[in-house]
Number of protein chains: 2
Amino acid sequence: MTRVVGYIFLLLIFFCGALSAQNDRREDAFMIKDLFDEALSDGKAYDWLRVLTKEVGPRLAGSPGAAAAVTHMKQIIDTLGFDTVYLQPCVAPRWERGDPAVGRVVNNNQIGTQDLNVIALGNSIGTGPMGITAEIVEVHSLDTLEQLGSAELEGKIVFFNRPMDPRQLNTFSAYGGAVDQRVFGANEAGKYGAVATLVRSMASGLNDVPHTGTMIYAEDARKIPGLAVSTNDADMLSRLLQQGSVRVHLRSNCRNLPPIETYNIIAEKTGSTYPDEIILVGGHLDSWDIGEGAHDDGTGCVQSMQVLPLLQALDYRPQRTLRCVLFMNEENGLAGGKAYWAASNEAGEFHLLAIESDRGGFTPQGFTAEAEDEVFADYLRKLDSWLPLVEPYGLTFSSGGSGADISGLKSQGGLLLGLKPDSQRYFDYHHTAADRLEAVNPRELMLGAAAMTTLVYLTDKYGLR
Amino acid sequence: MTRVVGYIFLLLIFFCGALSAQNDRREDAFMIKDLFDEALSDGKAYDWLRVLTKEVGPRLAGSPGAAAAVTHMKQIIDTLGFDTVYLQPCVAPRWERGDPAVGRVVNNNQIGTQDLNVIALGNSIGTGPMGITAEIVEVHSLDTLEQLGSAELEGKIVFFNRPMDPRQLNTFSAYGGAVDQRVFGANEAGKYGAVATLVRSMASGLNDVPHTGTMIYAEDARKIPGLAVSTNDADMLSRLLQQGSVRVHLRSNCRNLPPIETYNIIAEKTGSTYPDEIILVGGHLDSWDIGEGAHDDGTGCVQSMQVLPLLQALDYRPQRTLRCVLFMNEENGLAGGKAYWAASNEAGEFHLLAIESDRGGFTPQGFTAEAEDEVFADYLRKLDSWLPLVEPYGLTFSSGGSGADISGLKSQGGLLLGLKPDSQRYFDYHHTAADRLEAVNPRELMLGAAAMTTLVYLTDKYGLR
């Protein structure tokens, strides 16, 4: 009899547990709906983005624009309800573009002299005041350089012209498949006596806009200048080469100055119950020195800033410590990220979750996730259990890289997420003068902020195990 | 013994059937991948859209622009591999906007005289050459008119100011919840002696761009002019009204001319095996008379035109008859759709499937489906069986309206689908001067064309039962 009562008791516990889980699920669904409602009707991220793009503008690390960005955004963040907001110093390289680069087809038989839409690559040296004039040699991969060798490349401008593969549904995959030409092209071509490199812009389509971006010299490299050319002009050069040799004149006066101290902005709201478990949301505050750095990565910054205000608007008080971090120098050095990881590791911190938004402010489609092998399966199971809550908003989870600025936190054993928006338009704007506020849709931006806040809310409430 | 052999025989049949189904599935997955690859690398829809938006431009039914659209697009369609291309006559109303409308706050104590961003609504009468000057009365629903009655509305301009609900994830739902003010506002307000109506633009956000669109008078209506005002100016008027009365001057000289003959374009490829089962893809060729009608509905037209070329590039010969139809006069009368349904019904045709694209050329998220009750469950089961093939492309199926131009085909007993793209940006452009080619991303456009072609392919190969 006692045994039967015992069974009934157990059944009751089980039943109440199931009921309570069901109630939690319902409460979560309402909370998430409220988060999205609040974001879409009263979100402020677009207003903050207007400040960052129109009042500050371009803000390459080490530049006056970057300093202004730190000041302006800290002023805003100071009003958002964090317990503390502070600047974390880091030392960034200082590269200056100088005058707009010049590119010109010189005395070609078919078109005579004609201007090209070119732009210097970040970290590149300049051409010198007289510029460089030489024949161009078209190649489609770094490997080709070795085959051609100094015999074919000595004194030439190497023209890297392998396009981003249009068949990749995810444009970031296409970018990953082509960007080695931009990053390592000049370093490699220098080995064979080339005098400069001209790389087809990392763009999804055909147009006249050149895309800048970082390039890297090895320490012992024979440094030659690297420039990018618009996709339309790259196609034109390729057509001209089918008729005969093509000489091009390139001129740029970019230069490297001594490194300079700059800052990450860190805002923190201490958790009520588990203050030692940190949940981080962030983007990078620096941008390239052209355009307005709207999608790269103004949107990631203001989405991260929006998270705490959204939770507070719904009277949700985080149990865990919430940090909003705007990282400096993602574009050409990652000094901010590295400084943050070092300080965090030294303090023995544990980031339970870090979310970066650095793929543009487009309609969110979910998150990519990464973590150390021994905990990843657990985390994925937890994320999967939340799928029914986030799928109505078009969100799913997949494994993949999270974000450059948070990647170094992986060894702490937490979960790293990267917001994954629709990627189709990103490489129309990426690293160009066209990356402006007008290219950002306020609703798409706010949906991303709400998506991030949803994951913060669920992780804060339930943990990840 | 014979029985055992029989069983083995049956098992073998079953086994081979399962193998064959598996092979089909694999073949389909490759075919769909090829369709998307082909669309993204060699699709021509964007080039055709350039002709329709830049060479033809705006093309309200009955206008010279609409006639030019018929001529230009038929010339292109003639080259796409159809067996026959012909024009189907229909009679469209002819409304002319006349000069750009004028709207002005008149002698308000706070701001003095100030211009408003207004636009006349389609089908509206004009104000007469002297315009109309009157106090405005703000209301948020048609129901309020009866409560206010003639006592409050006689001689006034009714200002409809209920916004599209920003919390709706799907902006079409928000549009549906607000557009009654635009369509029926003037008709209703006229009953109470109002002299004109000014309606808040059907826009997702705050800006200075007024949105036109159709309005309807009942046959016996006391007709008064209807205009739309930008969302920024609507907010300003509302703020001014909180301080006191506001007088507004409105002037427009739109007019209705006698109806005129115009055309649908119909292109047909006869099916090899089931010529009597028709699969239709279509959009509407007409647009409003401002902007370029890029997303509404140039993209739907060129996506529909892309379907047969994509199939042919992969050497797929349709078993069923494929029709591409560009409908006339969707915006202000649906004369093209009605003419098409009447002719089709009279000929005893059966449309097994009809797909319309008329929600913009953005990243596709799937299809909305409708059909007669007695067949709908069967069709949904078939669509569900294809989910594993289309989900990798971000596509799902849901029940819902298909498209105005094909809605009248439902009674034939086939399946109607509406392409469902991401809706966040649509009401930034819809019925405005901003709906231009530049607002269309070529990749997003092509993904929609590939999605439509995928459904055509599967339906053509397997039928729907």
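Since this is a predicted model, take the numbers as computed values, not measurements. So that the names make sense, note that chain A is the first sequence line, chain B the second, and so on, each numbered from 1.
The distance from the CD atom of B:Gln365 to the CG atom of A:Asp422 is 8.0 Å, given to the nearest 0.5 Å. With rounding to the nearest 0.5 angstrom, the CG atom of B:Leu169 is 10.5 Å from the OG1 atom of A:Thr363.
Of the atoms belonging to A:Gln168, it is backbone heavy atoms, and not side-chain ones, that fall under 4.5 Å from chain B.
The number of heavy atoms from other shown groups lying within 6.0 Å of CZ (B:Arg162) is above 12.
Inter-residue side-chain proximity for A:Asp428 and B:Asn441 is flagged as met; some heavy-atom pair is nearer than 4.5 Å.
Side-chain atoms of B:Arg443 come within 3.5 Å of backbone atoms of A:Pro166 as a donor-acceptor pair (strictly under, hydrogens ignored).
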